[in-house]
Amino acid sequence: MLLARFGRRISSETRLDNLLSLIAEEVRHILQADRCSVFLVDPNKNELWTKVALGMGEKVLRIPLGHGIAGFVAKTGSAVNIRDAYRDTRFAQDLDKITGYQTKSVLAVPLKDRDGKALGVFEILNKTKGSFNEEDEGFLRILATIAASAIENAQLYENLRKSHLETIYRLAMVAEYRDQTDTAKHLRHISKYSAIMAAQLGMPYEVVEDIRYASPLHDIGKVAIPDSILLKPGKLTPDEYEEMKKHPIYGARMLENAETRLLQLACRIAIAHHEHFDGSGYPNGLRGEQIPLEARIVSVVDVFDALTTRRVYKGAWSLDETFRYMQDQSGRLFDPMVTDAFIKCTPQVQAILNEEAVSVAPEGQA
Ligand code: C2E
Ligand code: SIN
Ligand code: SIN
Ligand code: FE
């Protein structure tokens, strides 16, 4: 029953991070161990890595294959069961030194993928009563088999997700490459501010993450705007502005009929990020809640970022001026609920701007 529950719980988790903590927690409980660490092989580096809890946060710890008990198990593929780690020459004290933990008994078994290749190591520490016996070892091996397949799935899923997000991000780069002095920074801002806002507005985690990755695509339609307009150093003529105002439509055409949730969201943002709350925006003159919330968010974020940074056609505004303008436009350009949320997020926005200020310091001084 325990096994069925274990399998059920962990197979529904596709995020590697969450999965690893879930596995550790379940295994600790099932085998009455004080700790459980899951080490995974990093094949590019011939290392094992694991996350360790440190104070309030966590830290990724890396050890060379072959080092310590975990390294030994990964390398040889055999299990290790010891009563007193400090009397075993294979034991590496690195982890204990970092965490301040005192390891006594250790039971470690290999995690293998479908083809029997080393995926990592399962280690449990300090049995609550006595030391680990053969029954524990057999049980841990079974749990390891179940965990390995869940981990493999999560890794596949993660890779897929990563390549998907990376492609989307590169696409956004292409879109913004011509008219931004620092494209990466602009995209990072849009992405981070939008996610912060979505969270502030109480949207669920999954949606927040989708907005984080979809928002940088809002101006993708600008690729279809000629240089003579997009890069014009001065004010646009009315005709030029009319052409410019087509970029949400171009963007929506590029993104329409997408199959993934993320690109569908990106499409809703691209088409509506210049709509105004009072109906005076473009291209459709939507008003209020006719404008999807995600587009109302990106609208605020986009204008904030446009005002606080230099563009080919304008200088950067000060933060004070910008916030005053945003507040002034609440209910006109912007949804008051979203403007309020933005103002509540001022400390986080400031932190991002300060972070950036540090990261552009000359090398060696940061
Ligand atoms: P963008 O540079 O990303 O600006 C996005 C939005 O930020 C603008 O949407 C506008 O709502 C706000 N914004 C930017 N700069 C200013 C400003 O100096 N004052 C005020 N009050 N608001 C500002 P908008 O106006 O619909 O423009 C859309 C895009 O059209 C801009 O994106 C930019 O690429 C282009 N654009 C707008 N005006 C000009 C211009 O005078 N010259 C050039 N070369 N491009 C312009
Ligand atoms: C080791 O595997 O030898 C070190 C890691 C630990 O203390 O669990
Ligand atoms: C992304 O990686 O797609 C988001 C942009 C960023 O945070 O740099
Ligand atoms: Fe735009």
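FYI, the numbering just counts along the sequence from 1. Reckoned from all heavy atoms, side chains included, excluding hydrogens, waters and symmetry mates. Counting starts at 1 for both ligands and their atoms, in listed order.
Counting heavy atoms only, Leu307 comes closest to atom 23 (C) of ligand 1 of the residues Thr322, Asp302, Leu307, Ile225. Distances from atom 46 (C) of ligand 1 to the heavy atoms of Asp219, Ile190, Leu236 put Leu236 nearest. Distances from atom 30 (O) of ligand 1 to the heavy atoms of His247, Lys235, Met244 show the closest one on Met244.
Checking Thr309 against Arg311 by side-chain atom types alone, a donor-acceptor pair falls below 3.5 Å. A side-chain N or O of Ser318 and one of Glu321 form a donor-acceptor pair less than 3.5 Å apart.
Among heteroatoms of the N, O or S kind in Asp219, OD1 lies nearest the Fe ion (ligand 4). Note on His274: its N/O/S atom closest to the Fe ion (ligand 4) is NE2.
The Tyr282 neighbourhood of ligand 1 comprises atoms 24 (P), 26 (O), 27 (O), 28 (C), with distances under 4.0 Å to a heavy atom of that residue. If you number the atoms of ligand 1 from 1 as listed, the ones under 4.0 Å from a heavy atom of Ile229 come out as 44 (N). Of all the atoms in ligand 1, the ones that sit under 4.0 Å from a non-hydrogen atom of Ala306 are 4 (O), 5 (C), 7 (O), 14 (C).
Taking the ring centre of Phe132 as origin, the terminal cationic atom of Lys127 falls outside the region bounded by 6.0 Å and 45° from the ring axis. A cation-pi contact, defined as under 6.0 Å to the ring centre and within 45° of the axis, links Arg35 to Tyr101.
Salt-bridge check for Arg9 with Glu26: passed, with a basic side-chain N closer than 4.0 Å to an acidic carboxylate O.
Residue-ligand proximity: Gly234 is placed with a non-hydrogen atom under 4.0 Å from ligand 1. Using a 4.0 Å heavy-atom cutoff, Lys222 is listed among the residues neighbouring ligand 1.
Within 6.0 Å of NE2 on His29 lie no more than 12 heavy atoms contributed by other residues, nucleotides or ligands. Within 6.0 Å of OH on Tyr86 lie more than 12 heavy atoms contributed by other residues, nucleotides or ligands.
Taking any N or O of Tyr241, backbone or side chain, at least one lies under 3.5 Å from an N or O belonging to ligand 1. Ligand 1 has no nitrogen or oxygen under 3.5 angstrom from a nitrogen or oxygen of Lys314.
Residues Leu95 and Leu61 form a side-chain contact, since some pair of their non-hydrogen atoms from C-beta on lies under 4.5 Å apart.
The side chain of Trp317, and not its backbone, has at least one atom closer than 4.0 Å to an atom of ligand 1 (non-hydrogen atoms only; side chain from C-beta on). If you look at Leu333 next to ligand 1, there are no close heavy atoms at all, none under 4.0 Å. Under 4.0 angstrom from ligand 1, there are no non-hydrogen atoms of Lys245.
Ring geometry for Phe323 against Phe304 counts as tilted: the plane angle lies between 30° and 60°, on a 0 to 90° scale.
Distance check for His273 against the Fe ion (ligand 4): an N/O/S atom falls below 2.8 Å. When distances to the Fe ion (ligand 4) are checked against a cut-off of 2.8 Å, Asp302 contributes no N, O or S atom below that limit.
In this structure, Asp113 contributes its side chain and Lys117 its backbone to a donor-acceptor pair below 3.5 Å.
Residues His273 and His247 place their aromatic rings such that the two centres sit under 6.0 Å apart.
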